[in-house]
Structure formats: structure tokens, C-alpha cells
Visitor: 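Dropping the structure in here first, questions after.
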2 protein chains.
Amino acid sequence: MSTPTADWLRLDQQICFSLNAASRAFGGVYRVVLKDLGLTYPQYLVMLVLWEDGELPVKRLGERLRLDSGTLSPLLKRLEAAGLVRRERSARDERSVQVRPTEEGLALRERAVEVPRRIAAATGFELAEIEELRARLDRLTSALDRAAAEG
Amino acid sequence: MSTPTADWLRLDQQICFSLNAASRAFGGVYRVVLKDLGLTYPQYLVMLVLWEDGELPVKRLGERLRLDSGTLSPLLKRLEAAGLVRRERSARDERSVQVRPTEEGLALRERAVEVPRRIAAATGFELAEIEELRARLDRLTSALDRAAAEG
DNA sequence: CGGCATTAGATTGTGCACAACTGAATTGTG
DNA sequence: CACAATTCAGTTGTGCACAATCTAATGCCG
């Protein structure tokens, strides 16, 4: 015997709402924690990738973070204005713009190592539970992307 | 053997990134599905509450959706401009503004009943799994809100 | 080589999230 | 009653997400 249609309709509305609410709640915590570093959450994500990769074109950055140039261009300009990042046209391919952290941007990493621990503490979750949730969310994202692509 | 501290800064280990990605992936699916109705996702949430409650002040709407007046005021103006909603100052308390669906807004409900089923199908998740995920996300949100409040 | 499609990034415009502030109405307290 | 504190909605300003469009550089193919 399957669940009545009307029931899972209601629950489904709540899952996206819960997800959205959780995402915004995270935003609130990050706002507090990142305030000292002078970063917003998306800017922090960009810096994470740069700390990992050292240097990469805007294109790759967008692929890593699922963001397009409409979001990244102004964001990178702000990071550049803050002195954390430099952007320069690639010599080999002048369509491409290389982004790399400045000395100041690299130095910021040492103050950022605190961040994940503080965030993890704020969730009140065990590491294993976080990991499981993350896996489930990634699976969800893949399914949703597939569905959106198919129309 | 535990994860080295340095690895905590890795992008792919940050739960918030997965959460944020899932939330935006949902956004993509809703954009497609809600296009026919002429609604954005947050506007759809507002209409859901109005279809349920019939009429309520902006304050209550904000409590239900975790949104403040800075978000709701312009959103409601757009819904009013679209003819789906009416806003009027309460006679009893003139600080308060009552929001209620117009005839057209109520009629839209019939075209919206399709939406949740299509979204649920896009997730590819079973009802039980959705429910469990929702419960976990709500618990996460509560913990994060508490942490943000404490600073 | 010439010409056309493709690619990278920037720009423009719309809408949402949120902080900070404003102004008007109401409530609580002396 | 007077008046200070609170409440509610709106406004302003910043930043992000995303679609659509633009420009310039590159690649490809005959």
C-alpha cells in the first residue's frame, strides 16, 4: 500500500523549504564567523579554491563553484579591490583571465583555518553525520541537475 | 586516524557547499517548473502560505517563511502588480498590513497542484528518505540559528 | 588565407537576502 | 494622562544568482 499522493506532495514542498532554510541559516553563521576576515561566504569559497589550486582561470573557478561569469566577475573585482586577488589576461589565450591570490590573500589562509571547526561546532553534528548528510545532498543535487537539464 | 587539520579547508569537505549547491539546484528545477505560472520560487512559497491561510499580516508571513520586511515588501509589491495579491492596512492596527490572495491568485492554485509532483519526481528520492532528510535539515537549522544568536 | 562557429569573460537587468535605518502606530509605565 | 519603549512595514544599500546579450580572441574548415 503506497502513500496517498496528497501526502508526499506536502512533504516535498517542505524538503525544498527546509533545504533553503538550512542554507540561509548557514549563511547567518558564516556571516558571523567570516566577519573578522572581511569575507562573504561566496568570497570565502573562492579563496578556498585559490588556496588549493594557487592559480586558475575564471572558467575553472566557475566550474568548481557552479557559478557563472555574471556572479564571478563582480565578486572577483571586489576581492581584487580588497587586495586579496589579482586578475590578469592569460598571455597564451587572451580570452582567458587568470586569478591568483596575492601575498595578502595567501596570508589570510592562516586566519581561516579556524573557520571550518567553528562552523562544525555550530552545527552540533558529529563528523560522521555531517559526512552522511553531505553525501546525500550531493546525490540530490546530481538528480536535480539531471532533471533540470532534461527540462 | 583523524583528518589532518589542513584538509578541513578543502572545498569538497565543507557541508555548507553541498547544501548551498543543493539549494541552488532546487532553484533551477523550480525555475523551469514555475515558469508557466509566472512565479519565482519565493513568490511560490508566499502563495502556498496564502492558499493555506487565506489572509494574514506581513509579519506572520515573514515568520512562516523566515523572511523579513526587506525581502517581503518588494516581493509582495510584485505579486500585487501581477494581480495575485492585495495588501491593505489593518483597521484594528494600522501598523499592520494584511495580505490576501485575489480571485486570480486563488485560481492559480489549480494550476499549481502539478508542481510538487514534478519536483518530487526530479529528486528521485523515496518519501521516507525525503522525510528523514527534512528532519535532519530542520535540526541543523535549529542548531545553526542558536549558534548565530549566541555569536 | 577567409570566414564562421565557438569560447571566455564582462555587462545589463531582474529578483532575492539581509543589515541598517526611518516613520508611524501602539503599548507599557510612572 | 504623558512619554518612552516597542512593534510593524517600508526604504536604502550591498552583495549574490542567473538569464540574456555583447565583445574580443581563438579554432576550424574549406
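Chain letters run A, B, ... following the sequence lines, proteins first and then strands; every chain starts at 1. From a predicted model like this one, the values you see are computed outputs, not experimental measurements.
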Visitor: Is the backbone N or O of T71(A) less than 3.5 Å from a side-chain atom of D68(A), with the two atoms forming a donor-acceptor pair by type?
Guide: yes
Visitor: Heavy-atom nearest nucleotide on DNA chain C for R31(A) versus P57(A): which residue maps closer to 5'?
Guide: P57(A)
Visitor: By the 4.0 Å heavy-atom rule, please label R60(A) as base, sugar-phosphate, or nothing.
Guide: nothing
Visitor: Is there a residue in residues 35-45 of chain B whose heavy atoms reach under 4.0 Å of DNA chain C, and which residues are they?
Guide: T40(B), P42(B), Q43(B)
Visitor: Tell me, please, which residues at least two apart from F17(A) pass ring pair (Phe, Tyr, Trp, His ring centres under 6.0 Å).
Guide: none
Visitor: Is any side-chain N or O of S96(A) closer than 4.0 Å to OP1 or OP2 of dT7(C)?
Guide: no
Visitor: In whole angstrom, give the distance that lies between atom CG of D93(A) and atom C1' of dT23(D).
Guide: 14 Å
Visitor: Rounding to an integer number of Å, can you tell me how far L65(B) CG sits from dC18(C) C1'?
Guide: 15 Å
Visitor: Please report, rounded to the nearest Å, how far the P atom of dA17(C) is from the CG atom of L19(A).
Guide: 14 Å
Visitor: For nucleotides 10-14 of chain C, give me every protein contact, N/O to N/O, under 3.5 Å, one pair per line with atom names.
Guide:
from: dA10(C); atom 1: OP1; to: R87(A); atom 2: NH1; distance (Å): 2.9
from: dA10(C); atom 1: OP2; to: S73(A); atom 2: OG; distance (Å): 2.5
from: dA10(C); atom 1: N7; to: S69(A); atom 2: OG; distance (Å): 2.7
from: dA10(C); atom 1: N6; to: S69(A); atom 2: OG; distance (Å): 3.4
from: dT11(C); atom 1: OP2; to: K77(A); atom 2: NZ; distance (Å): 3.0

Visitor: Parallel under 30°, tilted from 30 to 60°, perpendicular over 60°: which one fits the rings of Y44(B) and W51(B)?
Guide: perpendicular
Visitor: Looking at A120(B), is its backbone amide N or carbonyl O close enough to the side chain of T123(B) to form a donor-acceptor pair, meaning the two atoms are under 3.5 Å apart?
Guide: yes
Visitor: What's the CD-C1' distance between E63(A) and dA8(C), to the nearest Å?
Guide: 11 Å
Visitor: Specify the separation, in whole Å, of atom CZ of R24(A) and atom P of dA19(C).
Guide: 11 Å
Visitor: Give the rounded distance in Å between these two atoms: CG of L67(B) and C1' of dA17(C).
Guide: 8 Å
Visitor: Closer than 4.0 angstrom, basic N to acidic O: yes or no for R118(B) and E114(B)?
Guide: no
Visitor: Is there side-chain contact between L75(A) and Q43(A), with at least one heavy-atom pair below 4.5 Å?
Guide: yes
Visitor: Any donor and acceptor pair, going by atom type alone, linking the side chain of S73(B) with main-chain N or O of G70(B) inside 3.5 Å?
Guide: no
Visitor: How long is the line joining CG of N20(B) and C1' of dA17(D), in whole Å?
Guide: 10 Å
Visitor: For L19(B), does its backbone N or O pair with a side-chain atom of S23(B) as donor and acceptor, under 3.5 Å?
Guide: no
Visitor: With respect to the side chain of K59(B), which nucleotide from dC8(D), dC18(D), dA19(C) is positioned closest?
Guide: dC8(D)
Visitor: Please compare R95(A) and G27(B) by the position of their nearest nucleotide in DNA chain D and report the one closer to 5'.
Guide: G27(B)
Visitor: For the residue pair R136(A) and F125(B), would you count it as a cation-pi contact if the rule is NZ or CZ under 6.0 angstrom from the ring centre and within 45 degrees of the ring axis?
Guide: no
Visitor: Between P on dT21(D) and CG on D68(A), what's the gap in Å once rounded to a whole number?
Guide: 15 Å
